[in-house]
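So the structure is just underneath, and the comments pick up after that.
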Amino acid sequence: MRVSKFPLSTLKETPADAEIISHQLMLRAGLVRRLASGLYTWLPLGIRVLRKVENIVRDEMEKVDALELLMPGVQPAELWQESGRWDEYGPELLRFNDRHQREFCLGPTHEEIITDLARRELSSYKQLPVTWYQIQAKFRDEIRPRFGVMRSREFIMKDAYSFHIDQASLQKTYDLMHQAYTNIFTRFGLDFRPVIADSGSIGGSGSHEFHVLADSGEDAIAFSSHSSYAANIEKASALPPQDERAAATEEKTIIETPGKHSIEEVSEFLSVKTSQCLKTLLVDGAEENSVVALVLRGDHELNEIKAGQLEQVASPLNFASEEQVRAVTGCAPGSVGPDLEITVIADHNAAHTANFVCGANEDGKHFSGVNWGRDIAEPVTADLRNVTEGDNSPDGKGTLSIVRGIEVGHIFQLGDKYSDKLQANVLDENGSKKTMTMGCYGIGVTRVVAAAIEQNNDENGIIWPQNIAPFDVALAPINMQKSERLKDAAEKLYKELSDAGLEVLMFDQKERLGSMLANIELIGIPHRLVLGERGLDDAKIEYKGRCDKEKQDISLDNIVELLLSKKI
RNA sequence: CGGGGCGUAGCGCAGUUUGGUAGCGCACCACACUGGGGGUGUGGUGGUCACAGGUUCAAAUCCUGUCGUCCCGACCA
């Protein structure tokens with residue numbers, strides 16, 4: 001490709017509304033343009049990257065015998081009503097009527113459609129297992145789209161669905177997919193990690209997320225120092241302390257703590273560690289109009305997913321209002337303690353704390369030297385908190401570290417949730433009807449592009465991993481328009497490189513070197529060649545890899561070979 | 001949904017407080033010079049100042065409303 005035929009749309013300045021680095025660079029490098037909130041146009045340069053990502057995905061899907069198909073983006077309401085999700089799915093589902101006033105939605109996912117297909121096309125266990133996939137635009141009407149294509153409303157997803165006669169078959173395909181995903185993200189050249197995920201309301205026995213590691217990631221993931229254990233922090237369980245609780249040695253004392261509300265304020269005021277203070281959070285209970293108290297150590301964070309799953313607690317978790325707090329405790333938030341008439345559930349670590357500080361349920365007052373069993377009834381205990389750096393790994397091997405990640409893939413054992421609702425049956429070998437078991441497997445294709453940039457960039461721009469770069473090599477002749485000899489040499493080299501199967505972007509227009517180099521680095525082409533009159537005299541060309549510190553002169557005769565060896 | 005910010009040329013911004021000829025930098029076009037890291041000069045193109053209504057002799061500027069867009073948001077107990 002030549003710049004004269006493939007104009008770059010790079011920007012020198014960063015658009016003001018782009019917050020994170022990948023969004024800024026995608027705009028600056030001319031990969032995407034915003035149309036409206038959460039809607040992006042992919043420019044020619046961006047599409048080249050997107051296609052590379054898609055093709056690697058396709059290749060690995062074929063290897064595990066998944067079959068590509070394409071389903072409509074517009075879906076009839078009937079199927080969603082049949083699965084029950086027409087009512088369950090909130091405003092994220094964009095609904096509309098056609099000219100005959102029939103109801104439709106824009107597909108945020110395709111379980112209903114694929115299950116409908118399966119029940120029509122599959123009738124015998126002999127046709128199973130089968131896996132279908134598509135790469136297609138999805139629409140989710142996000143409350144707050146942000147970070148460019150990282151969380152957009154319309155996005156491209158690879159979604160695959162498998163159908164099985166039993167759980168054993170599903171497990172087999174699931175494991176194959178797990179491996180395929182590992183291969184895919186490895187081929188992308190990204191630093192990633194498969195983690196145990198919360199399977200949410202869908203249930204089912206297995207779910208893994210694939211995260212690209214990046215500080216700006218929206219998810220926190222915990223992984224073990226000495227085993228392969230890794231889990232989304234929503235899911236990572238905190239082990240109860242193994243040793244005995246310390247003895248009650250202090251007297252329960254009431255202390256004036258005027259104006260001190262937060263754990264930080266109280267611990268500082270009393271010169272006590274935050275881990276020695278307990279905080280009491282009031283949330284809606286499972287029973288109507290009831291309130292439940294959750295107790296945590298001051299230095300621990302509530303895990304809302306875990307808490308919401310407790311049978312005594314309303315799901316999803318909802319904090320009590322200030323009025324409710326006052327009605328139950330007689331004081332304002334800030335002085336609440338666990339000595340209450342309502343159900344009290346303490347985190348394992350909070351229940352393990354002796355001689356602690358807590359609210360006195362009286363404005364401006366706290367207790368110190370409080371002990372479970374002696375001063376307050378022993379609480380019900382549960383795992384309520386997020387794991388923290390240094391916690392013991394739940395599998396007993398090593399300790400946990402916490403890093404941030406961008407969720408780019410998710411695989412799921414669905415079981416019969418949809419096949420049961422939609423009556424997707426086949427006959428088994430005994431001739432009796434059996435509901436198929438399903439799995440589903442997604443990759444956020446557009447998000448992968450953003451995540452790749454988020455993980456690979458420097459002050460000059462994007463650094464594409466080789467396999468998803470829009471071009472393999474940039475060729476920058478200096479003042480080509482001034483020298484026939486240079487022009488001929490550049491054209492010849494361009495042809496040689498192209499014939500060798502390399503994707504070359506040649507800067508064939510009148511442009512100053514500095515400007516060309518700045519663009520080449522901004523758009524992140526992995527290999528760069530600069531050809532000038534001086535080099536030509538010695539039959540040499542200057543080569544520099546995008547990450548190399550130094551440039552080097554290479555003999556023109558060897559350059560094709562060198563690049564091929566680097567491409568692998 | 002709540003809170004906050006911002007809407008002036010393709011991009012980045014000033015001008016709004018105190019109403020009076022719509023500006024700057026980049027980009028773009030032309031020409032010249034320049035020629036190994038976003039170069040210089042001269043001359044240009046491009047704006048119903050988000051939209052609607054109001055106040056006024058006069059509105060980017062004041063008032064009312066609408067829309068768009070970005071960020072933040074339940075550890076407080």
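Numbered from 1 within each chain, the chains take letters A, B, ... in sequence-line order. Below, all heavy atoms of this structure are taken into account, side chains as well, without hydrogens, waters or symmetry copies.
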Subject >> B:C26 to B:U40 separation - P atoms, rounded to the nearest Å >> reply: 8 Å
**OP:** Between A:Leu35 and A:Leu282, just flag the one whose closest nucleotide in RNA chain B comes earlier from the 5' side.
**Re:** A:Leu35
Original post:
Which one, B:G38, B:C71, B:U69, comes nearest to the side chain of A:Thr10?
Top reply: B:G38
**OP:** Pick the C1' atom in B:U55 and in B:G2, then give their distance to the nearest Å.
**Re:** 33 Å
Subject >> Atom pair distance, as rounded to whole Å: CD in A:Glu511 and C1' in B:G39 >> reply: 13 Å
**OP:** Quote, to the nearest angstrom, the C1' distance that separates B:U8 from B:C49.
**Re:** 4 Å
**OP:** Give me the ring orientation class for A:Tyr40 and A:His23: parallel if the planes are under 30° apart, tilted from 30 to 60°, perpendicular past 60°.
**Re:** perpendicular
Original post:
When you compare B:U42 with B:G37, how far apart are their P atoms, in angstrom units rounded to a whole number?
Top reply: 24 Å
Original post:
Of all the nucleotides listed (B:A27, B:C76, B:G12), which has the minimum atom distance to the side chain of A:Pro15?
Top reply: B:G12
**OP:** In whole angstrom, give the distance that lies between atom OH of A:Tyr40 and atom C1' of B:U69.
**Re:** 10 Å
Original post:
If only atom types and distance count, is the side chain of A:Arg151 paired as donor or acceptor with the main-chain N or O of A:Arg146 below 3.5 Å?
Top reply: no
**OP:** Just do the salt bridge (charged side-chain N to carboxylate O under 4.0 Å, His left out) check on A:Arg447 and A:Glu407 with the steps written out, would you?
**Re:** CA-CA 9 Å; A:Arg447 185 180 280 181; A:Glu407 184 189 343; 5.0 Å; no
Original post:
With a 4.0 Å cut-off on heavy atoms, is A:Leu517 in touch with a base, just the backbone sugar-phosphate, or nothing at all?
Top reply: base
Original post:
Is A:Arg528 touching bases, backbone alone, or none of the nucleic acid, heavy atoms closer than 4.0 Å?
Top reply: base
Original post:
Which listed nucleotide (B:C71, B:C11, B:G35) is nearest to the side chain of A:Glu13?
Top reply: B:C11
Subject >> From B:G35, B:U34, B:G37, nucleotide with atom closest to A:Lys482 side chain >> reply: B:G35
**OP:** In whole angstrom, give the distance that lies between atom CZ of A:Arg34 and atom C1' of B:C70.
**Re:** 9 Å
**OP:** Under 4.0 Å between any heavy atoms, over every strand shown, what does A:Gly532 touch: base, sugar-phosphate, or nothing? Just pick one.
**Re:** base
Original post:
Which whole number of Å gives the distance between the P atom of B:C6 and that of B:G39?
Top reply: 33 Å
Original post:
Taking the same atom, C1', in B:G15 and in B:C76, what whole-Å distance lies between them?
Top reply: 43 Å
Original post:
Hey, is the side chain of A:Arg144 poking within less than 4.0 Å of OP1 or OP2 on B:C71, counting only N and O atoms?
Top reply: yes
Subject >> Atom pair distance, as rounded to whole Å: NZ in A:Lys510 and C1' in B:G35 >> reply: 10 Å
**OP:** Write down the atom of A:Asp508, the atom of A:Val3, and the distance for their closest heavy-atom approach.
**Re:** OD1-N, 3.5 Å
Original post:
In whole Å, what separates the P atom of B:U69 from that of B:G54?
Top reply: 27 Å
**OP:** Using whole Å, report how far CZ of A:Arg534 lies from P of B:G35.
**Re:** 11 Å
Original post:
Among B:C71, B:U34, B:G38, which nucleotide sits nearest the side chain of A:Leu522?
Top reply: B:G38
Subject >> Residue pair A:Thr388 / A:Arg385, side-chain heavy-atom distance below 4.5 Å >> reply: yes
**OP:** Starting from C1' on B:G35, measure out to CE on A:Met516 and report it in whole angstrom.
**Re:** 10 Å
Original post:
Just wondering, more than 12 heavy atoms not from A:Glu92 lying within 6.0 Å of its CD?
Top reply: yes
Original post:
Can you tell me if the side-chain N/O atoms of A:Ser37 get under 4.0 Å from OP1 or OP2 in B:G68?
Top reply: no
**OP:** Look at the side-chain N and O atoms of A:Lys12 and state whether any lies under 4.0 Å from the OP1 or OP2 oxygen of B:C26.
**Re:** no
Original post:
When you measure from the side chain of A:Asn519, which nucleotide among B:C76, B:U34, B:G38 comes out closest?
Top reply: B:G38
Original post:
A:Asn479 has an atom CG; how far is it from atom C1' of B:C33, in whole Å?
Top reply: 13 Å
**OP:** Check whether the side chain of A:Arg146 and the base of B:G73 form a donor-acceptor pair under 3.5 Å.
**Re:** no
Original post:
Does the ring of A:Trp80 carry A:Arg95 above it, NZ/CZ under 6.0 angstrom from centre and within 45° of its axis?
Top reply: no
Original post:
Taking the same atom, C1', in B:G47 and in B:G41, what whole-Å distance lies between them?
Top reply: 27 Å
Original post:
Any cation-pi pair here, A:Arg140 with A:Phe155, using under 6.0 Å and within 45°?
Top reply: no
**OP:** State which of B:C1, B:G38, B:U69 makes the closest approach to the side chain of A:Ile143.
**Re:** B:C1
Original post:
Using a heavy-atom distance cut-off of less than 4.0 Å, which residues of residues 263-280 of chain A contact RNA chain B?
Top reply: A:Ile263, A:Glu264, A:Lys279, A:Thr280
Original post:
Is the closest side-chain heavy-atom distance between A:Asp458 and A:Ile463 below 4.5 Å?
Top reply: yes
Original post:
Starting at CD of A:Gln509 and ending at C1' of B:C29, how long is that distance when rounded to a whole Å?
Top reply: 15 Å
